[in-house]
Amino acid sequence: MSLESLPTRYDPESFESSWYERWESSGAFSPEVPSDRPPFCIVIPPPNVTGILHIGHALQFTLQDLVIRWRRMQGYNALWLPGTDHAGIATQVMVERQLAKEGLSRHELGRERFLERMWQWKEEHKDNISRQAKALGSSCDWTRERFTLDEGLSRAVRRAFVTLYEEGLIYQDRRLINWCPRCHTAISDLEVVHHEHDGAMWDFAYPLEGGGEIVVSTTRPETMLGDTAIAVHPDDPRYTGLVGGFAIHPFLHRRIPIIADADLVDPELGTGAVKVTPAHDPNDFETGRRHDLEFINILDSEGRINAEGGPFEGMDRFEARKAVLEALAEKGLLRGEKKHPMSIGRCQRCDTVVEPWLSKQWFVRMETLARKALQVVRDGEIKLVPDFWIATYEHWLENIQDWCISRQLWWGHRIPAFFCPRGHVAVSETPIDTCPECGAPVEQDPDVLDTWFSSGLWPFSTLGWPDESEDFRTFYPTSLLITGFDILFFWVARMIMMGCHLAGDIPFRTVHLTGLVRDAKGDKMSKTKGNTIDPLEMVHTYGADAVRFTLAALASPGRDLPLDVKRMEGYRAFATKVWNAARFVQMKLEGDEPALEELDLRLLDPAERWILSRLSRTVREVNRAWEELRFDEACRLLYHFVWHTYCDWYLELAKGVAGRREVRAVLRGVLLQALELLHPVMPFITEEIAAHLGHDGMLITSRYPEPVEAWEDEALEAGFTALQELIGGLRSYRAMVGLAPRHPIGITLVNVDTDRAAFLQAHAEQLAQLAAVESIGTGEPPEHSVHELLGGMEVALELPAGSLGEAQIDTIRRQIDQLEKARISTEKRLANEAFLSRAPAEVVEGARRQLDETITRLKRLRATIEAVGG
RNA sequence: AGGCGCGUAGCUCAGUUGGUUAGAGCGCAUCCCUCACACGGAUGAGGUCCGCGGUUCGAGUCCGCGCGCGCCUACCA
């Protein structure tokens, strides 16, 4: 067997894309349907179809790919289903901006032509995301790629809407909604972002009909144009005579009733009298309903004062605020102004201040949906990871409001509701022309649905629902969802509600909520701050494997990820390390190495059996870590095994004996398993190396390693730990006394357990190689030797006399101080009657042993100073 | 205002059911270009585990209070 040798330099760009093509064209990304193998399915959180990949996506893609590759290698019938979202407002805003540059508005263009532009834009950008996903190595099944506006998914949306409508869970109502005057659409409560803001509160007086005045406070003076009542507390003695009377509007001259309302008014606050604007404030809206007040809408869709505002008509709402205050002052009605910190709601998409606005919209009734969604999480049917999110999830669902789902946009799923001139409403999955009730011609509702409505169906609509498709039967409920905690309500909760209600089962069994990727200083990344990190640039500079490993290693549960490119450099160094180790192994191979399973353990030397034992334990722990979604831990384990166990120790131990066939087989076999273990995180480099080592088939379809109990040998590992500690101790000792690393030294093991001593003596060659030990004896130590406790063993070292300088003696003295402290604390513990009687026997025994060791060690250190010091 | 999370080495973070001399990576210092690797090797320095109190033979770990930071939810005119 002659294999092409690995290039000297690790150059990820030279092989990454070709591996991706090989995987994809081999069909490895597609599951078998039907299949006898257990299913494992992840649906991707669909990115904006015209968006570009940011580092947060890179994190989620990495973790999803990692789990999918691992499960696929474990033999699951794995499907990672990719796709994109039409992202209603966000995308429409982009195209509208583009139009604005041409001096056009969507209204000038008309709905049909505007939508053509939208689709054109979508076509131009739709490959961005998939291209970037591929660069990261994402093993999605592209043959199943979906887009929320595809025919199939649109059908699912219509079915969902009609079903919910027929069940009375979707209804139309005229009420206060959040209106964005810039986007010209209603938005849901979740799409309003609240920020603290230095506002002000003004007091002004309403003249009373029979003379006198009543003073009210407000943070929004312009809304007084829509006031239709003044409310006081029924028990407030200051106002008892006034209830039932009227005030006169100073600008509009209408009579305003004074009412008593215990729910709205807190007599302790301000003057205890409140202006009521039912059409522009949620609390006042409720009050208006309770008291059957007039609802006067004073704003148009642009946020300007309409004809109801009399002299203020045509003014923008903020202009009107100033003008109203000035006019009040002019009339001598303004009574005061004070600072008032308040939170103000803005549109998530465009940052415009949102207006509570009266309009007719479609809503989803949340009560029953939420109850079920709560239950499946409480019962553990759906697991949230980390589980502290359960409390947040519950709190939100318990206080949930009905969801406004209609949007006055064009880019999206048109609401399948039809109106006839007589006021009948018909809802239908297929287009209709005439009213089913009266036969009159109908018009379809011009509005579209909230994007999250279709996203809420994603886990089943992508699998073919409402059809009982093979994919749906095979993969629903899906296995795992990995997404950011920031869309727990927007998306996760809604999928759970919709899935349970419409698809007949939970949408996924486990939800892993990732943290936010931040910059090296822990600041949030943002384009305006200019601290964003472009994942593709990272892939280009460090290689996709290093990027993936970094993100996975940083992904501690429930924490944000402070991303420092230093970290990425470190993991590229790790990739280079793997590469170089492989080059070394490859150089030693002769082509006749049997697989690990074919080796007779009894014919192997301890070093080989040791690395196999370490490997098996690592395999066990890595599998457990993946199982628990502890990506950080798995990465740590892999890093440590490959670098600090395999490279630092095993390769060094094997160097002298690598000519032997068994040793070569172990060198190769362990490396191959390490590559398999690493493959889910570092798919490219592992494939490249494995191919050069003559691995049979691609890693992507190989079997993921499983622990081999027969390889595990605790006693042997203890022996190696002793050997390592002896070598480390000797090196450390040399450094301390200033003895050159290669200066030969003789050692004698004093009072060391016979088996252990024999084991160490059997490794004389390795001791010579790694610690320049020229002789290793047992029994009586030679005269003038220095005694040390290395690896828990008493070792006599033959050192040149007088080799300790002041600095070295200082070091020893510091160690003595430290040990003295330990000795005193242990003695104290052992003198404590309560400790002896209550602590478990093995703990007490451990303390005794420790004390003995400490005392011996102290003795040796002092002897050392005597023997070789000064 | 309520809820949640965090506070461990210079930096970023681990730390399993409480077990006693608290770990990793990076950074730093000293030495070494030893025939896989200087994106490397060897060795080392560095911590009152935010503070106070409690439970316990024993607390980074459990409980209470406080301080600081972050996030989420909320219609305080």
Side-chain angles (χ1 to χ4, degrees), chain A residues 6 8-10 176 194 201 216-220 223 231 264-266 269-277 281-286 340 342-343 345 356 386 388-389 391-392 394-396 399 485-486 488-489 516 520-522 524 542 546 553-554 556 558-564 566-567 569-588 630 632-633 636 639-640 644 647-648 651-652 655 728 731-736 738 740-742 769-770 811 814 818-819 821-823 825-826 829 832-840 842-844 846-847 850 854:
Chain A
L6 284 160
T8 323
R9 206 171 69 87
Y10 163 59
L176 282 188
H194 296 272
M201 178 130 80
V216 294
S217 306
T218 181
T219 54
R220 300 191 53 195
T223 62
L264 180 71
V265 181
D266 177 356
L269 260 169
T271 59
V274 185
K275 62 192 273 309
V276 184
T277 323
D281 178 278
N283 285 318
D284 295 4
F285 179 82
E286 293 304 323
H340 183 75
M342 53 186 286
S343 94
F388 60 70
W389 284 109
T392 310
E394 287 183 344
H395 179 256
W396 187 71
N399 298 289
F485 67 86
D486 50 326
L488 178 60
F489 306 140
L516 210 67
K521 285 180 292 190
K524 226 173 184 164
Y542 301 103
L554 285 174
S556 298
R559 286 191 86 117
D560 286 347
L561 296 78
L563 180 59
D564 190 335
K566 281 271 180 65
R567 207 62 197 253
E569 275 171 31
Y571 292 124
R572 182 187 50 189
F574 176 61
T576 308
K577 185 77 182 177
V578 176
W579 187 265
N580 283 311
R583 286 208 303 129
F584 171 75
V585 170
Q586 198 189 27
M587 283 166 57
K588 301 289 180 192
R630 284 301 305 261
D632 57 333
E633 235 176 69
R636 232 193 333 274
Y639 186 96
H640 186 263
H644 299 302
C647 291
D648 286 352
L651 289 190
E652 295 306 325
K655 270 181 181 170
R731 285 169 174 169
S732 169
Y733 213 79
R734 282 173 188 280
M736 192 177 78
R742 302 307 311 167
Q769 201 179 322
L770 300 177
T811 311
R814 250 180 297 151
Q818 218 175 324
L819 286 171
K821 271 188 219 150
R823 182 181 64 84
S825 99
T826 314
R829 206 159 358 112
N832 184 343
E833 200 45 53
F835 175 69
L836 296 177
S837 59
R838 298 210 196 178
E842 65 265 27
V843 173
V844 176
Q850 195 189 312
T854 308

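Proteins come first, then strands; the chains are lettered A, B, ... in the order of their sequence lines, and each starts at number 1. Just so it is clear, the structure is predicted and the values come from calculations on it, not from any experiment.
- As a whole-Å value, the separation of D560(A) CG from C13(B) P is 9 Å.
- When the side-chain nitrogen and oxygen atoms of H644(A) are compared with OP1 and OP2 of A24(B), none of them lie within a distance under 4.0 Å.
- When heavy atoms are screened at a 4.0 angstrom cut-off, R630(A) is found touching the sugar-phosphate backbone but no base atom.
- Contact detail for F388(A) and G558(A): the closest heavy-atom pair is CZ-CA, 4.0 Å.
- For the pair K655(A) and E652(A), the salt-bridge criterion is met [side-chain N within less than 4.0 Å of a carboxylate O].
- Between H194(A) atom NE2 and C71(B) atom C1' the separation is 15 Å, expressed in whole Å.
- Separating the CG atom in L561(A) from the CG atom in L516(A) is a distance of 8.5 Å, to the nearest 0.5 Å.
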Taking it one step at a time, do L6(A) and F584(A) satisfy side chain to side chain contact (heavy atoms under 4.5 Å, CB included)? CA-CA 10 Å; L6(A) 284 160; F584(A) 171 75; over 6 Å; no

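- Nucleotide C72(B): paired with G2(B) (Watson-Crick or G-U wobble, both distances less than 3.5 Å).
- Base contact: Q850(A) has a heavy atom under 4.0 Å from a base atom.
- For a distance-only test at 3.5 Å, the side chain of R731(A) fails to qualify as a donor-acceptor partner of the base of U43(B).
- When each of G728(A) and R636(A) is assigned the nucleotide of RNA chain B bearing its nearest heavy atom, the one mapping closer to the 5' terminus is R636(A).
- The minimum heavy-atom distance between K275(A) and R220(A), with the atom names listed, is NZ-O, 4.3 Å.
- Relative to the six-membered ring of Y542(A), R572(A) misses at least one condition, a distance below 6.0 Å or an angle of at most 45° to the axis.
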Reading 5' to 3' through nucleotides 26-39 of chain B, protein heavy-atom contacts under 4.0 Å coded B for base, S for sugar-phosphate only, - for none: S---------BB-B

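- Rounded to whole Å, the distance from CE on M342(A) to P on A74(B) is 16 Å.
- Judged by Watson-Crick or G-U wobble contacts below 3.5 Å, the nucleotide C62(B) has G54(B) as its partner.
- Rounded to whole angstrom, the span from the NE2 atom of H340(A) across to the P atom of C76(B) amounts to 9 Å.
- If you check C26(B) for Watson-Crick or wobble pairing at under 3.5 angstrom, you find it paired to G10(B).
- Across all strands shown, C39(B) forms no Watson-Crick or G-U wobble pair with both distances under 3.5 Å.
- The separation between F485(A) atom CZ and C72(B) atom P is 7 Å, rounded to whole Å.
- Across all strands shown, N832(A) has heavy atoms under 4.0 Å from sugar-phosphate atoms exclusively, and none from any base.
- Taking atom CG of L488(A) as the reference point, atom P of C4(B) lies 16 Å away to the nearest angstrom.
- Remark: side-chain polar atoms of N580(A) are paired, donor with acceptor, to backbone N or O of T576(A) under 3.5 angstrom.
- Across all strands shown, P356(A) has no heavy atoms under 4.0 Å from either base or sugar-phosphate atoms.
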